[in-house]
**Student:** 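Structure incoming, see below.
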Amino acid sequence: MDNLIHDILDNDLLFGKDKEELIVGAYQLSDTHIRLFFRREGSVLYRDDPFYPFFFLSEETVLSGFVPEDKKKFWLVRLQGNNFYQYLAIFSSWKTFRAGLDFINAKKITTARMPGDSGHEDESSLTYSKGDAVTQYFLQTGKTLFKGMLFDDVHRLQLDIETYYKPGRRDQGKNERFSDEIIIVSLSDNRGMEVVIHSRNCSEKELLERVVETISRMDPDVIEGHNIFSFDLPYLQRRCDQHGVSFSIGRDGLVPKTYPSSIRFAERSLDFTFFDIPGRHVVDTLFLVQSYDVSKRSLQSYGLKAVAKHFGFASPHRTYIDYEDIASTWDTDHEKLLAYALDDVIETRELSGMLSGSNFYTAQMLPYTYAMTSRLGPAAKIEALFVREYLRQKHSLPKPSSGQQYMGGYTEVFLKGILGPVVYADVESLYPSIMLSYDVCPKSDALRVFPVVLRDLRDLRFKAKHLVTEYRNGKNTALADNFDAMQGSFKILINAMYGYLGFQGGIFNDFSEADRVTSTGQSIARKMIAEFESRGCRVIEVDTDGILFIPPPGVTTEEDERKLVNEVSGRMPDGINIGFDGRFRKMISYLKKNYALLDYNNRMTVKGSSLSSRSNEKFGRDFIRKGFETLLAENIAGLHDLFMDYRRKIMDHELDIAEFSRSETLKSTPEQYLEDVRAGRRAKSITYELVLRAGGGFSKGDRITYYISGSGASSSFFDKGRLASEWNRSKPDENTAFYLKRLDEHCQKFLPFFKPQDFSTIFSADTLFAFSPEGIEIIRETRNISPETAGNNDIL
DNA sequence: AGCTGTGGCAGGGAGG
DNA sequence: CCTCCCTGCCAC
């Protein structure tokens, strides 16, 4: 158990099919044998067998911990995958894959189960075939795990297509979208190859043939693209079909298999068609970006160009062409379009290089392929680590417990208003630290794997981080980056372990342990508050593991502040450390989880859904931001001017569609929405009504950008939505009354900082008298009276 | 086909 | 008007 993770790294456990009687997992024991785990009558048995595709029964072993009469207590592994044979033919690298093939050929094995078999009939009903079919099937199902390899050593190819867009056609709906011709396919790889194949001098059919030939010749391990599952691959496949070109981009000339799949990012989920390319892994960088944004929440758009700019690897000489202009650019300046297409794949390469590394190293720890790992959520990965260790120790697995978690983080605002100076301190890795220091372990974890995995992951991360520093100092950037990606993969798993405890479907879930983690977190937060207060700090806000406070008068320099934080950190329980995490000149404290911070370089950051949300109109976000800056500068006349400026722009239709449109993500299918509305399960909504009226062309996961049209501030607007693309600058029909109402709603954010009378003077257009800030005072500080605090006051 | 958690705010439809 | 409830988005 000491070397759990290393053991995991050295063995391949692969999951099988989720059916009643069959194989639930397998190790690759050696080049010639695998160990198969299978279940029968409630228990898990295993046997060691010669290599797939043949296996013979040897002795069966019952796993420990299983109580046959107590079926409720133990359950067998919850399985993944759609065809366990597919998973059995997974090898550590393409080299061992070839060795397996040679093994089959050397032994002259001529029978195998064929693709399409459901795989769970009894032996007598199996379909066997001869000769080449074995080889074919072997290849068809083959995947590599990249055990022990460095990310840089794997051959990754990036792919992007451009189509000749005929205006008006795409808007007809999804079914029409394959009618455009492919004019450019750009390819690059991580070994410096960059090519653009285009149809300037050849037919589309010849273009497609060259693409298939090029990919086969390059023979990459991984194919990457931005939105590749929903656009590039299905498009290429469709056009190949139409031209009678074999879409054989898999290894050994095999064609991809497709099946519908879906992926979830926090609260949103989206459907896509998964492309399983034999012998290769497909990675969609759009998924990587969205997954990244779940924790960072820093991206405005998930489009390739926007992301490249955000991360700072967009070339300053990069060619930009609007979507609608692709066809005309192709006609007038095709060299420019070729440059544009090449920039796309180069940016995809950069993006993947930055975000893929941690998935790559996670895959080396898990019984999932690299492509699978890059699409899986964190809970599945955690569970896989546990299941793998249980099967290795030949122990049966528990069943998920039912119930729910009751507690979460502690959040409180003590002071509101305009405050400063401010220090931000936070408990380092609060939940993982608690789980380690307070010996948290699910009650169903009979082997007590949970704390061991957590500790090992932490130690491994520490070692990996150490290596990053070492290689950075030694100027070995490539190796440093690799180890940075590796420590990142450990970090993701460490942070996911708490969430897993409260996960309904987790077989090792334990809601009371999850509650123990959060309630311990709450008392640590309270202790932290008390310690800072007793040193003369005035606490502004606490949220879960972080605290914002005004240091006492004597503490003025950063050094003083750090010393203070250190002192409090020393007073915390063993294993719990508080770190200094920033200092600010001023802060606007508005509500829980909603505030603005002004640093010592006078840069302001705004946090919270009520102050800066992507679902708000851009003009509203700008108004609040500028308003807060003005407020921090205590410029009252400036606030009034700002309000008047926006009011005039709205009334004179001076705002551009980008400033007053709103965007929302479709979280269910339009059909599901209709169904729910009919059943009275949900109310009507502008976005879905809009999509239904547009008649197709939109699906789950799409972002709808719309505005409110018409006139009059009626009480409901669900039928007044228009797509942003329908807006006409020369005939602006946005609903002025609605947007003035929205402006007023945004003004409400400034209400707490003024007396009611002053507030209405500043944010009104009364022209009877010229506006004067005379006599208006900013309310600098309000003590927040929460129910809890109010109770304490009564006692006092 | 696969799935990490709670806490908090805003907006809008529905119905009294 | 108001409250209730749902959805969407965000902090941690």
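A, B, ... follow the sequence lines: proteins, then strands. Residue 1 opens every chain. Note that these values count all heavy atoms, side chains included, but never hydrogens, waters or copies made by symmetry.
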**Student:** Sequence neighbours left out, what passes side-chain contact (heavy atoms from CB on, under 4.5 Å) with A:Thr605? Give chain and number order.
**Tutor:** A:Leu597
**Student:** Taking CZ from A:Phe450 and P from B:dT4, how many angstroms apart are they, rounded to a whole number?
**Tutor:** 15 Å
**Student:** Mind calculating the distance between CG (A:Asp293) and P (C:dC12) to the nearest angstrom?
**Tutor:**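 About 15 Å, once rounded to whole Å.
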**Student:** What is the distance, to the nearest angstrom, from the CZ atom on A:Phe274 to the C1' atom on B:dA1?
**Tutor:**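 Roughly 12 Å, once rounded to whole Å.
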**Student:** Using the 3.5 Å cut-off, write out each protein N or O paired with an N or O of nucleotides 5-11 of chain B and the distance between them.
**Tutor:**
{"unit_1": "B:dG5", "atom_1": "O3'", "unit_2": "A:Gln405", "atom_2": "OE1", "d": "3.4"}
{"unit_1": "B:dT6", "atom_1": "O3'", "unit_2": "A:Gly408", "atom_2": "N", "d": "3.1"}
{"unit_1": "B:dG8", "atom_1": "OP1", "unit_2": "A:Lys592", "atom_2": "NZ", "d": "2.8"}
{"unit_1": "B:dG8", "atom_1": "N2", "unit_2": "A:Ser609", "atom_2": "OG", "d": "3.1"}
{"unit_1": "B:dG11", "atom_1": "OP1", "unit_2": "A:Arg742", "atom_2": "NH1", "d": "3.0"}

**Student:** Starting from C1' on B:dT4, measure out to CZ on A:Phe265 and report it in whole angstrom.
**Tutor:**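 Roughly 15 Å, once rounded to whole Å.
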**Student:** With the side chain of A:Leu376 defined as its heavy atoms from C-beta on, choose the nearest nucleotide among B:dA1, B:dA14, B:dC3.
**Tutor:** B:dC3
**Student:** Which of the following nucleotides, C:dC9, C:dG8, C:dC12, is nearest to the side chain of A:Tyr688?
**Tutor:** C:dG8
**Student:** Check A:Lys618, A:Lys626, A:Arg625 against A:Asp622 for a side-chain hydrogen bond (donor to acceptor under 3.5 Å, both in side chains) and give me the one that passes.
**Tutor:** A:Lys618
**Student:** Determine: side-chain N/O of A:Lys607 to OP1/OP2 of C:dC12, distance under 4.0 Å, yes or no.
**Tutor:** yes
**Student:** Once you round it to whole Å, what is the distance between C1' of C:dC12 and CD1 of A:Ile494?
**Tutor:**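 Rounded to the whole Å, the gap is 18 Å.
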**Student:** Given atom CD of A:Glu617 and atom C1' of B:dG12, what is their separation to the nearest angstrom?
**Tutor:**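 Nearest whole value for this atom pair: 13 Å.
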**Student:** Rounded to the nearest angstrom, tell me the gap between atom NZ in A:Lys381 and atom P in B:dC3.
**Tutor:** 9 Å
**Student:** Taking the basic N atoms (NZ, or NE/NH1/NH2) and the acidic carboxylate oxygens, is any pair closer than 4.0 Å for A:Lys443 and A:Glu513?
**Tutor:** no
**Student:** Show me the donor-acceptor pairs, under 3.5 Å and distance only, between side chains in residues 422-433 of chain A and residues at least two apart or in other chains.
**Tutor:**
{"unit_1": "A:Ser433", "atom_1": "OG", "unit_2": "A:Glu428", "atom_2": "O", "d": "3.2"}
{"unit_1": "A:Ser433", "atom_1": "OG", "unit_2": "A:Ser429", "atom_2": "O", "d": "2.7"}

**Student:** Set out, in order, the CA-CA distance, both residues' side-chain angles and the distance that settles salt bridge (Lys or Arg N to Asp or Glu O under 4.0 Å) for A:Lys592 and A:Asp543, then state yes or no.
**Tutor:** CA-CA 8 Å; A:Lys592 284 178 183 177; A:Asp543 190 350; over 6 Å; no
**Student:** Rounded to the nearest 0.5 Å, what separation is found between the CG atom of A:Asp456 and the CD1 atom of A:Ile494?
**Tutor:**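 The CD1 atom of A:Ile494 is 10.5 Å from CG of A:Asp456, to the nearest 0.5 Å.
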**Student:** Find the distance between CG (A:Asn359) and CE (A:Met372) and round it off to the nearest 0.5 Å.
**Tutor:** 13.0 Å
**Student:** Output the rounded distance in Å from CZ (A:Phe229) to P (B:dA1).
**Tutor:**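 Interatomic distance, CZ of A:Phe229 to P of B:dA1: 15 Å.
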